[in-house]
Amino acid sequence: MNHKGRRLYEGKAKILYEGPEPGTLVVHFKDDATAFNGEKFEVIEGKGVLNNRISEFIFTRLGEMGIPTSFIKRLNMREQLHKRVEIIPLEVIVRNIAAGSIAKRLGLKEGDPLPRSIIEYCYKNDELGDPLVAEEHITAFGWASPQELDDIVQYAIRINDYLSGLFAGVGIRLVDFKLEFGREYSPDGMVRTVLADEISPDSCRLWDMKTGEKLDKDRFRRDLGGLVDAYTEVARRLGLITGGGNGMRPGPKLVKG
Ligand code: UDP
């Protein structure tokens, strides 16, 4: 069955197509890896399949705990069906531990715990390099309304609590991650804020709790190698891969101590 319609948009790691029904979208996960606003590029075979599976798992769990999302279902190894939403042009970054840009910007040591979880916003604009912005900018320029920002903060806090626990249970520290939200319009003209895009090792920093090993896209950004092995390990710990094959398992296997 050909479930895909017209190609709507090609991003750095995903392609979006019109879905089979009006108001739906097919998201195709590519193997392309980019960093530093597209300056660094590589094709990493198998990355898309892993991100598709990991993001499906996380969005499904978040949906079950009452976070509205655009995710409908996984279609195949590389594709997901989503509700078509209007993307709010913000990258919402939640941080638990200093790493990456906040460490540089504020002179913090990478790995230092933050005094409390911090939410930051970047304005999604490739030409400007996704600049950090304040809530003032967001509401003044109308990128999101105060009500939408309130929804975003409430959801981001709940998602952080849930994911921190989920990953801690399998021996992984959730250092930071990026979320995107959209507006879902219903036929009666109502609009609600929903979680969109993906949550995967491409958009999170995940460190092994015992060894500190990086299990995320920093393996690519910092030329550490072994990206697919690291993403496979995340999927395995979440219970998404059995042994050597691709069999599905019901969920995470807890790691002690
Ligand atoms: N992130 C992302 N997409 C971006 C920028 C950041 O998914 O365009 C994620 C990144 O993987 C990390 C978190 O957001 O988990 C915080 O990233 P940071 O601001 O430290 O930027 P980076 O060091 O990745 O440039």
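Nothing fancy with the numbering, it's 1 onward along the sequence. Counting convention: from 1, in listed order, for ligands and their atoms alike.
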Worksheet item: Does the side chain of R237 reach to within under 4.5 Å of the side chain of I172, using non-hydrogen atoms?
Response: yes

Item to complete: Using a 4.0 Å heavy-atom cut-off, say whether K217 meets ligand 1 through its side chain, its backbone, both or neither.
Response: neither

Worksheet entry | Nearest neighbour in protein (non-hydrogen) for atom 20 (O) of ligand 1 | S101 N, 2.8 Å

Worksheet entry | Residue, atom name and distance, where the atom is the protein heavy atom closest to atom 17 (O) of ligand 1 | R205 NH1, 3.6 Å

Item to complete: May I ask you to identify the nearest protein heavy atom to atom 3 (N) of ligand 1, giving residue, atom name and distance to one decimal place in Å?
Response: K178 CE, 3.6 Å

Worksheet entry | Nearest neighbour in protein (non-hydrogen) for atom 8 (O) of ligand 1 | E91 OE1, 3.1 Å

Discussion item. How far is atom 12 (C) of ligand 1 from the closest protein heavy atom, and which atom is that?
Written reply: D176 OD1, 3.1 Å

Item to complete: Using non-hydrogen atoms of the residue, decide whether K104 is closer than 4.0 angstrom to ligand 1.
Response: no

Worksheet item: Are R84 and E18 side-chain neighbours, meaning at least one heavy-atom pair lies under 4.5 Å?
Response: yes

Item to complete: Report the nearest protein non-hydrogen atom to atom 10 (C) of ligand 1: residue, atom name, distance rounded to 0.1 Å.
Response: R221 NH2, 3.5 Å

Fill in: Which of the ligand 1 atoms, numbered from 1, are nearer than 4.0 Å to a heavy atom of D202
7 (O), 11 (O)

Fill in: Mutual orientation of the aromatic rings belonging to H82 and F59 [parallel < 30°, tilted 30-60°, perpendicular > 60°]
perpendicular

Item to complete: State the atoms of ligand 1, each with its element, that fall below the 4.0 Å cut-off from a heavy-atom position in I93.
Response: 16 (C), 19 (O)

Discussion item. When you measure from atom 23 (O) of ligand 1 to the protein, is at least one non-hydrogen atom found at a distance under 4.0 Å?
Written reply: yes

Response to the item:
What one should report as the nearest heavy-atom pair of A33 and F220 is O-CZ, 3.5 Å

Worksheet item: Which atoms of ligand 1 are found less than 4.0 Å from any heavy atom of G100?
Response: 20 (O), 23 (O)

Worksheet entry | Side chain, backbone, both or neither: the part of C204 lying under 4.0 Å from ligand 1 by heavy atom | backbone

Worksheet item: How many angstroms lie between CG in D161 and CZ in R158, if you round to the nearest 0.5 Å?
Response: 9.5 Å

Item to complete: Take atom CD of E136 as the centre, draw a 6.0 Å sphere, and report whether it contains more than 12 heavy atoms from other residues, nucleotides or ligands.
Response: no

Worksheet item: Name the one of K14, R74, H3 that satisfies side-chain hydrogen bond (donor to acceptor under 3.5 Å, both in side chains) with E79?
Response: H3

Worksheet item: Counting only heavy atoms not in R205, do more than 12 sit closer than 6.0 Å to its CZ atom?
Response: yes

Worksheet entry | R53 CZ to T232 OG1 distance, which is reported to the nearest 0.5 Å | 13.0 Å

